[in-house]
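Labels below follow one simple rule: chain letters A, B, ... track the order of the sequence lines, proteins then strands, and each chain is numbered from 1.
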Amino acid sequence: MTVLLSANEAADAPLQDRAPRHFGLTAEAWLRIIAPTLIGLLALAGWEALVRINEIPPYLLPGPVTVFETLIREWPSLSVSLLITLQITFAALAVAAVLGLALAVLFAQSRIIELSLFPYAVILQVTPVVAIAPLIIIWVDDIRIALLICAWIVAFFPILSNTTLGLNSADQNLADLFRLYRASRWQVLRHLRLPTAMPYFLAGLRISGGLALIGAIVAEFVAGTGGRASGLAYRILEAGYQLQIPKMFAALVLVSLTGIAIFLAMSLISHLALRHWHESAMKERR
Amino acid sequence: MPEAPPIAPVTEPRGPASVISLEGVTKRYANGTLAVRGVDLSVARGDFVSLLGPSGCGKSTVLRMMAGLIPPSSGRVEMAGGGETGDIGFVFQEPTLMPWSSALRNVMLPLRLGGVGRQTAERRARDALASVGLAGFEDSYPRALSGGMKMRVSIARALVTKPRLLLMDEPFAALDEITRHKLNNDLLTLWQAERFTAVFVTHSVFESVYLSRRVVVMAARPGRVVEDLAVDAPYPRGEAFRTSADYAAHCREISSALHRAMEE
Ligand SMILES: Nc1ncnc2c1ncn2[C@@H]1O[C@H](COP(=O)(O)OP(=O)(O)OP(=O)(O)O)[C@@H](O)[C@H]1O
Ligand SMILES: [Mg+2]
């Protein structure tokens with residue numbers, strides 16, 4: 001006698017995604033790209049029309065065309081600043097990810113450690129970074145490290161709290177199964193708790209990506225008012241002082257684009273890491 | 001028939017020797033709930049025993065004590081030969097698979113946790129998957145499988161260590177009837193081929209009669225064993241048995257035992 005799968009069970013298996021694809025993406029995915037892009041273009045056209053019809057001078061409100069021209073013209077100096085801001089943002093995000101994960105794992109090992117340290121992580125989170133940035137900039141000689149610390153403070157908490165939650169969310173029956181096979185603490189962590197925490201960690205990373213940029217920009221503003229920085233925020237300040245409003249807009253546009261790019265990059269990482277198994281990576285199927 | 005496993009299944013005759021026994025076992029949970037009281041139960045090697053009873057009568061509690069997942073408050077739970085890792089397989093009501101791992105890796109888990117090398121573990125997991133009818137689904141992730149297929153993976157995982165004792169806690173309760181019948185038959189085939197001892201928790205009188213040689217009926221508040229009945233029909237059992245007068249008689253007998261248990 002051989003055990004064979006019945007047609008009934010096989011037919012019951014969830015259907016794989018068979019939606020037709022155009023240039024690698026489904027119609028739904030294209031819609032998700034095209035619709036917001038169209039809205040954006042319309043808004044830009046309206047803005048340009050408003051500026052031209054009312055003949056608003058560029059030092060009050062430059063039109064998108066002027067902003068774009070300025071962006072191209074000022075690219076050499078802006079790109080240097082962009083690079084500096086990006087370095088700080090990603091360094092802060094990387095440190096936040098590594099430390100957040102490590103601390104969450106530590107918390108997961110011992111309830112005492114979690115209970116004694118978690119409140120301080122919360123304090124770190126609720127303290128406005130604008131308020132402590134001046135102190136940090138005074139205390140830390142290297143301005144880049146000072147900025148990195150500020151951005152890290154903002155980016156750290158979501159990763160820590162999300163990952164801690166994830167590590168504690170393992171399925172109870174699976175945990176019993178690991179006990180049945182007498183898995184070591186390390187095996188439980190490696191094969192059960194960390195994989196369970198993965199979607200939580202990635203969701204934290206997605207939030208922290210944007211926060212790290214905001215943290216870096218805020219700190220640059222604080223440092224910039226002291227004349228000690230050269231990141232994008234400093235360019236905005238500088239252009240403001242010199243009443244070069246189009247340049248201010250150009251730097252602002254760069255900040256926004258960077259934020260969007262970081263969000264998309266984190267979403268992509270998350271999607272690639274979870275595509276086989278997690279609900280969040282499967283929404284196109286409905 | 002599944003391929004010859006690396007560790008040959010014991011072909012010893014089914015003797016009266018018990019694989020696991022509970023003596024005067026009482027379980028009171030930390031919150032004060034008295035889940036079971038004074039349970040004596042001994043399962044003979046190679047037997048197929050069903051635990052049948054109303055909700056909350058402590059079936060899962062008994063099963064989890066057999067597995068060593070929870071300790072009894074008093075009394076003794078003893079596994080013949082001590083009980084090595086991998087001696088006991090457990091199947092939950094939910095498939096309880098790791099969603100981030102393929103079917104193959106899920107089935108490899110018990111072996112990997114026990115320190116078996118990757119290649120050996122992979123070969124044995126493939127064999128186990130094939131033995132439950134899932135050859136070709138090694139690389140599927142759980143979410144791509146139907147409920148019945150997931151349960152098959154779960155059974156393959158429980159059997160991959162060649163356990164002496166397979167504990168199942170209402171494994172097919174969430175499946176549709178056609179699938180449940182099919183899995184009942186396949187479980188019996190595996191049981192006959194691999195000669196493990198089976199303890200099967202169920203709510204269903206029909207399922208308990210169809211599968212087992214012995215039905216232990218439990219009552220609630222506090223949970224205890226009230227009746228112990230033999231189903232002496234020969235194996236292999238199939239559709240012929242399901243429609244026989246013998247089957248109907250056993251169902252009636254056990255059904256009324258269950259009724260008495262619920263009225264007590
Ligand atoms: N971890 C626990 N802590 C406290 N009480 C529990 C726990 N687990 C079960 N109980 C209680 O013990 C009693 C027996 O529960 P158990 O799950 O063993 O019953 P069961 O026969 O498996 O029920 P069902 O058929 O619903 O699965 C119930 O009253 C239940 O509420
Ligand atoms: Mg139960």
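- Chain A forms the most heavy-atom pairs under 4.5 Å with one residue out of B:Leu175, B:Leu109, B:Thr96, and that residue is B:Thr96.
- Contacts between B:Leu97 and chain A at a heavy-atom distance below 4.5 Å involve the backbone alone (N, CA, C, O).
- Looking at heavy atoms from C-beta onward, B:Leu188 lies in side-chain contact with B:Tyr210 at the 4.5 angstrom threshold.
- With sequence neighbours left out, B:Tyr141 forms a ring-ring contact (aromatic ring centres under 6.0 Å, His included) with A:His276.
- For residues 115-126 of chain A, heavy-atom neighbours of chain B at less than 4.5 Å comprise no residues at all.
- Within the 4.5 Å cutoff, no side-chain heavy atoms of A:Thr258 are placed close to those of A:Thr85.
- Only the side chain of B:Leu134 has a heavy atom closer than 4.5 Å to any heavy atom of chain A.
- With a 4.5 Å cut-off on non-hydrogen atoms, A:Asp171 touches chain B through its side chain but not through its backbone.
- In this structure, no portion of B:Gln93 lies under 4.5 Å from any heavy atom of chain A.
- Proximity to chain A (any heavy atom under 4.5 Å) is shown, for B:Phe90, by both the backbone and the side chain.
- Considering only heavy atoms from C-beta on, B:Leu22 comes within 4.5 Å of B:Met66 through its side chain.
- Between B:Phe200 and B:Phe172, the two ring planes are tilted [angle within 30° to 60°].
- In this structure, the side chains of B:Met168 and B:Leu211 stay at 4.5 Å or more apart for every pair of heavy atoms.
- Heavy-atom pairs under 4.5 Å with chain A peak, among B:Gly89, B:Pro99, B:Ser102, at B:Pro99.
- Residues B:Val201 and B:Glu170 have side chains in contact (heavy-atom distance under 4.5 Å, counting atoms from C-beta outward).
- The contact between B:Arg64 and chain A is made entirely by side chain atoms (from C-beta outward), counting heavy-atom distances below 4.5 Å.
- No side-chain donor-acceptor contact under 3.5 Å links B:Arg237 and B:Asn185.
- Within the 4.5 Å cutoff, the side chain of B:Leu159 has heavy atoms near those of the B:Leu190 side chain.
- In this structure, a donor-acceptor pair under 3.5 Å is present between the side chains of A:Asn8 and B:Thr179.
- For a residue to count as touching a neighbouring chain, one of its non-hydrogen atoms must lie under 4.5 Å from one of that chain's; by this rule A:Ser184 does not touch chain B.
- For A:Gln109 and A:Arg185, the side-chain atoms include at least one donor-acceptor pair closer than 3.5 Å.
- For B:Asp176, the part lying under 4.5 angstrom from a heavy atom of chain A is the side chain only.
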